[in-house]
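Working notes for the structure below.
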Amino acid sequence: MNHYVVTGGAGFIGSQIVRSLLAAGAGKVVVIDNLSTGHRANLEEVRPQIDFQRADIRYYEEIAPIIRGAAVVFHEAAIPSVPRSIDDPVPSHEVNIDGTFNVLRAAREGGVGRVVYAASSSAYGDTEVLPKLETMTPNPKSPYALQKLVGEYYCGVFASVWGLETVSLRYFNVYGPRQDPSSPYSGVLSIFMRCAIERRAPTIFGDGETSRDFTFVEDVADLNLKAAKAKDVSGKVYNGGNGGRITLNEAWRLVQELEGVSIAPNYGPPRAGDVRDSQADTTAAVRDLGHAPRYSFEQGMRDTLDWYRQYGG
Ligand code: UD2
């Protein structure tokens, strides 16, 4: 029986893909993770059902035997964060570009059925028009955005040159339970929620009118499973978003309301490399992949806040 591989499977998004695969009846799920940003705790309740392999995508020899013969590889392993890639560009370059190349090479040489790649909405940069369409010319504003775009291009080239089936999903600011709020590079909603629970003021970079298409992690995992099965999509790129647009000021307002607090945020200078507005056009993903996000922003936020209250992040 062919197995499924999730690189970065101990991470916030990867571990949700693992749980969704198991819920959908996947026989064998193998996780590749070096635990640099992922945590074993993210896989705690599914640990007996999976094969966990501590391995690093920067080293081809470590991952090739694990990837060989897989039905599908979900490639989630990455060093995320725009500011991290600016402060410390070498590790993110090595993992996001060289590591992705290694995963694709191992998949091609190992006869893998398909690679579903975690691309990023940051590839668009600032566009004149919203929502953002896959046909728009990419315009990366940071090393991270560029690295994720190179991974997409590699997916396209592995498909066209060597016939490896690939699908790239441009994630739009994914949030939800298990997102680690403890680093300055953490996703903004995880930071907002921890601040509200601890009764502290968050810092908003810029005027707070920066907007994002925040997308709930379970919807993104569902989209991955659909992309693994869809027909005639090889080499293509799809937006993995919700189609909405929420400003940071609105998001902090909702967090305060849900937590029953009133705390004025601090405002700081805008962050280098930040995109101003982000919103997905989901037409192609709906049409070709059957994308059907189930969570409204408010519902996703309620569930996520409940999780942080219980587990603290
Ligand atoms: C980018 C990508 C996203 C994903 C992510 C991975 C875009 C539009 N999105 O997310 O799809 O690939 O990278 O890391 O490029 N902020 C604050 N206060 C804080 C933390 C952040 O105001 O304490 C701001 C930040 O300056 C930015 C917004 O919140 O304007 C979102 O930041 P983020 O780090 O959560 O995600 P972002 O948009 O860089």
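Ligands are counted one by one from 1 in listed order, and the atoms in each one are counted from 1 as well. Model, not experiment: these values are computed from the prediction.
For the residue pair Asp277 and Ser211, a side-chain donor N or O sits within less than 3.5 Å of a side-chain acceptor on the partner. Judged purely by distance below 3.5 Å, without hydrogens or angles, the side chains of Asn139 and Tyr124 never pair a donor atom with an acceptor atom.
Among all protein heavy atoms, the one lying closest to atom 22 (O) of ligand 1 is Phe205 N, 2.8 Å. Atom 1 (C) of ligand 1 has its closest protein heavy atom at Val82 CG2, 4.2 Å. Protein heavy atom nearest atom 34 (O) of ligand 1, with residue, atom name and distance: Arg271 NH2, 2.9 Å. Scanning the protein heavy atoms around atom 14 (O) of ligand 1, the nearest turns out to be Ser81 N, 2.9 Å. For atom 38 (O) of ligand 1, the nearest protein heavy atom (residue, atom name, distance) is Arg212 NE, 2.6 Å. Counting only heavy atoms of the protein, atom 6 (C) of ligand 1 lies nearest to Tyr144 OH, 3.3 Å. Of all protein heavy atoms, the one lying nearest to atom 27 (C) of ligand 1 is Asp274 OD2, 3.3 Å. Here the heavy atom of the protein found nearest to atom 24 (C) of ligand 1 is Leu248 CD1, 3.7 Å.
Tracing side-chain contacts under 4.5 Å through hydrophobic residues (I, L, V, M, F, W, Y), one never reaches Ile191 starting from Ile263; they form parts of separate clusters. Cluster membership for Val157 and Val73, using ILVMFWY side-chain heavy atoms within less than 4.5 angstrom, is shared. In terms of hydrophobic clustering, with Ile, Leu, Val, Met, Phe, Trp and Tyr side chains grouped at heavy-atom distances under 4.5 Å, Val115 and Val29 are assigned to different clusters. A single hydrophobic cluster is not seen to contain both Val150 and Met136; linkage of ILVMFWY side chains at heavy-atom distances under 4.5 Å, directly or through other members, places them apart. In the hydrophobic cluster analysis, where Ile, Leu, Val, Met, Phe, Trp and Tyr join through side-chain heavy atoms closer than 4.5 angstrom, Val6 is grouped together with Leu169.
Between Glu44 and Arg40, no side-chain nitrogen of the basic residue sits less than 4.0 Å from a carboxylate oxygen of the acidic one, so the salt-bridge criterion is not met. For the pair Glu259 and Arg309, the salt-bridge criterion is met [side-chain N within less than 4.0 Å of a carboxylate O].
Considering backbone and side-chain N/O atoms, Val275 never comes within less than 3.5 Å of an N/O atom of ligand 1. When only interatomic distances are considered, the shortest N/O to N/O separation between Ser120 and ligand 1 falls below 3.5 Å.
For Lys148, no heavy-atom contact with ligand 1 is shorter than 4.0 Å. Looking at Ser122 against ligand 1, both its backbone and its side chain come within 4.0 Å, counting heavy atoms. Contacts of Tyr171 with ligand 1, taken as heavy-atom pairs under 4.0 Å, involve the backbone alone. By the criterion of a heavy-atom distance under 4.0 Å, both the backbone and the side chain of Asn173 are placed next to ligand 1. Using a 4.0 Å cut-off between heavy atoms, Val188 contacts ligand 1 through both its backbone and its side chain. Heavy atoms of Thr203 found under 4.0 angstrom from ligand 1 belong exclusively to the backbone.
Within the structure, ligand 1 lacks Pro202 among the residues with a heavy atom less than 4.0 angstrom away. In this structure, Tyr185 does not count as a contact residue of ligand 1, since none of its heavy atoms falls inside 4.0 Å of the ligand.
Here CZ of Arg194 is found 12.0 Å from CD of Gln179. Values are rounded to the nearest 0.5 Å.
Between Tyr295 and Phe216, the two ring planes are tilted [angle within 30° to 60°]. Between Phe101 and Tyr154, the ring planes are tilted. Angles from 30° to 60° get that label.
What you find for Trp307 and Pro177 is that their closest heavy atoms are CG-CB, 3.5 Å.
Residue contact check: Ile204 has heavy atoms under 4.0 Å from atoms 22 (O) of ligand 1. In the vicinity of Ser278, heavy-atom distances shorter than 4.0 Å reach the ligand 1 atoms 8 (C). Against a heavy-atom cut-off of under 4.0 Å, Gly187 is close to the following atoms of ligand 1: 35 (O). Counting the atoms of ligand 1 from 1 in the order shown, those under 4.0 Å from a heavy atom of Thr210 are 30 (O).
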